[in-house]
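As structure tokens, the structure follows; a few thoughts come after it.
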Amino acid sequence: MIGGKTKYTNSVEFILGQEYASEDGDIPNISETDSLNAPNPSYITRSQTTNVTQIFQDAVAISYAKMSNMGTLAGANLEGLEANPQNELDFQVGNKMKKLARAIEKTFIQGTHNKATKDSEVNKTRGINQAIVTNVVEANGKPIDIWLINDLVQKIDKANGDISNLTLWVDNTTLNQINGNAIEMGVEVGEFKSNEYGIQIRDLYLPTATVHIAQGQFIPEGTAFLLNFDAISPVEQPVPGKGNFFLEPLAKTGAGEKYQLFGQIGLDYGNEALHGKITGLSTSFTKPVGRKVVAVSEASAASVDGDETPTV
């Protein structure tokens, strides 16, 4: 979602932006006489917010014995597949990079901020969960519904955030709950086809805005995020002459080759008031058993236009 918007820094600490409270407009009550004297001035105080990059590092070791034994078959050899990779180093590095990518993803969501004051301390980038403090809706154990989401959109709007392109970032339980609610309410998506069954909600059309839905990983249990991805970017801190997340050989200590992977990266989420989160959601999903039925009295049924009488 943010991989194509990478920013770069040559400092561990980088600026996210300036935060300040905007003033509400009041209806003026100024006479001609009053206007002869200027009102007392007021000042808007700004504060600068920052985040940091942090180190991600791993190592790879390949023995000479392994290099010379690539023809050994292991496991099931399915048609068209080779039991072993053609290049052991590429295989090991590729999987280490996947591990690092997941570590970065988890850090960007759950990371807690720390600015090191000496070399022996650890710089830790602030993740989006810790960052969001202004726009928070507490569910108090209830499952998610469109009105909780709508309340959060309104909070972001009141904080002068852009609500034109928000994405609800949810875990599997919350995603199932949204689709379960749609089934209960009788929502039909798209044109019925004989080879299709089920429902898959990708957008919510709320009174306040249209909200996209995407499933994420490492989201804290009972939490859903409403994010403005236009304001979120990874920030890389390259090493001069080497780049970032590079592979380099280490000193030999035996019959094999050793390498290290090294990179520094942090999260730029802009002004935290552009985003929001719902906390305290139910962590269990109850499958819908059917559509909700609204019961009406005979008097109400008689007043309904048309030939069909609603079922009581």
Side-chain angles (χ1 to χ4, degrees), residues 1-7 14 16 49 51-58 94-115 122-139 141-144 148-149 152 156 165-180 200-202 204 211-237 244-245 261-285:
M1 298 292 285
I2 64 173
K5 301 183 297 176
T6 304
K7 298 178 181 179
F14 55 90
L16 299 175
T49 55
N51 207 354
V52 296
T53 63
Q54 70 177 77
I55 294 171
F56 290 82
Q57 187 178 21
D58 213 326
N95 279 276
K96 289 292 186 180
M97 287 300 295
K98 290 178 183 178
K99 175 187 173 183
L100 287 175
R102 289 176 61 81
I104 293 169
E105 178 89 359
K106 187 173 184 178
T107 302
F108 280 3
I109 294 172
Q110 297 186 18
T112 55
H113 178 263
N114 185 66
K115 173 65 171 68
V122 180
N123 283 305
K124 297 181 180 181
T125 200
R126 184 185 298 105
I128 197 69
N129 186 50
Q130 185 188 44
I132 298 172
V133 294
T134 300
N135 304 313
V136 182
V137 170
E138 174 57 47
K142 297 188 298 183
I144 198 166
L148 282 172
I149 302 167
L152 186 52
I156 295 173
N165 191 26
L166 294 173
T167 297
L168 189 68
W169 197 248
V170 297
D171 62 12
N172 184 261
T173 299
T174 303
L175 183 63
N176 285 339
Q177 188 66 56
I178 292 170
N179 284 270
Q200 190 177 65
I201 304 297
R202 283 289 175 261
L204 294 176
V211 172
H212 313 298
I213 303 174
Q215 183 177 357
Q217 298 183 47
F218 309 114
I219 297 173
E221 197 172 46
T223 301
F225 298 112
L226 196 55
L227 305 177
N228 184 338
F229 279 107
D230 292 337
I232 304 177
S233 301
V235 179
E236 295 192 23
Q237 186 182 0
N244 204 30
F245 293 101
L261 287 160
F262 182 89
Q264 299 171 100
I265 195 169
L267 180 66
D268 181 352
Y269 49 82
N271 187 329
E272 59 85 18
L274 296 172
H275 319 288
K277 65 181 178 181
I278 303 173
T279 59
L281 288 166
S282 171
T283 57
S284 61
F285 167 61

Flag side-chain contact, heavy atom, 4.5 Å: [X] against [Y]:
X	Y	answer
L16	N271	no
I213	T167	no
L227	I132	yes
P220	N129	yes
F262	F56	no
L267	V235	no
L168	H212	no

How many angstroms lie between [atom1] in [X] and [atom2] in [Y], if you round to the nearest 0.5 Å?
X	Y	atom1	atom2	answer
I178	F285	CD1	CZ	10.5 Å
T279	L281	OG1	CG	7.5 Å
D58	N95	CG	CG	11.0 Å

Kindly write out the residues that satisfy side-chain hydrogen bond (donor to acceptor under 3.5 Å, both in side chains) with [X], not counting sequence neighbours, or none if the list is empty.
X	answer
N51	T125
Q177	N181
K7	D268

Heavy-atom pair of closest approach, residues [X] and [Y]:
X	Y	result
V133	Q130	CG1-O, 3.9 Å
A131	Y269	CB-CZ, 3.5 Å
L274	A231	CD1-CB, 3.6 Å
G276	I156	N-CD1, 3.8 Å
A139	L148	CB-CD1, 4.0 Å
S282	G141	CB-O, 3.4 Å

query = Does any pair with a residue in residues 215-224 pass side-chain hydrogen bond (donor to acceptor under 3.5 Å, both in side chains), and if so which ones, sequence neighbours excluded?
reply = R102-Q217

Please check this pair: side chain of [X] against backbone of [Y], looking for a donor-acceptor N/O pair closer than 3.5 Å.
X	Y	answer
Q237	T53	no
N135	A273	yes
K5	I232	yes
H275	N228	yes
N179	I201	yes
K115	V52	no

ask   = Would N165 and F229 count as a side chain to side chain contact (heavy atoms under 4.5 Å, CB included) if you check the C-alpha gap in whole Å, the side-chain angles of each, and the deciding distance to 0.1 Å?
value = CA-CA 8 Å; N165 191 26; F229 279 107; over 6 Å; no

key: Any donor-acceptor N or O pair under 3.5 Å, side chains D171, T174   = yes

Could you list the donor-acceptor pairs under 3.5 angstrom formed by side chains in residues 104-112, with sequence neighbours left out?
{"from": "T107", "atom 1": "OG1", "to": "A103", "atom 2": "O", "distance (Å)": "2.7"}
{"from": "Q110", "atom 1": "NE2", "to": "F218", "atom 2": "O", "distance (Å)": "2.7"}

message = With side chain to side chain contact (heavy atoms under 4.5 Å, CB included) as the criterion, how do I149 and L204 come out once you've worked through the C-alpha distance, each side chain's angles and the decisive distance to 0.1 Å?
response = CA-CA 9 Å; I149 302 167; L204 294 176; 3.4 Å; yes

request  = Please lay out, stage by stage, how I128 and F225 fare under the test side chain to side chain contact (heavy atoms under 4.5 Å, CB included).
outcome  = CA-CA 9 Å; I128 197 69; F225 298 112; 4.2 Å; yes

request  = Tell me, with the steps shown, if N123 and N114 meet side chain to side chain contact (heavy atoms under 4.5 Å, CB included).
outcome  = CA-CA 5 Å; N123 283 305; N114 185 66; 5.7 Å; no

task = Hey, could you give me each pair passing salt bridge (charged side-chain N to carboxylate O under 4.0 Å, His left out) that has a residue in residues 124-138? Not counting sequence neighbours.
result = none

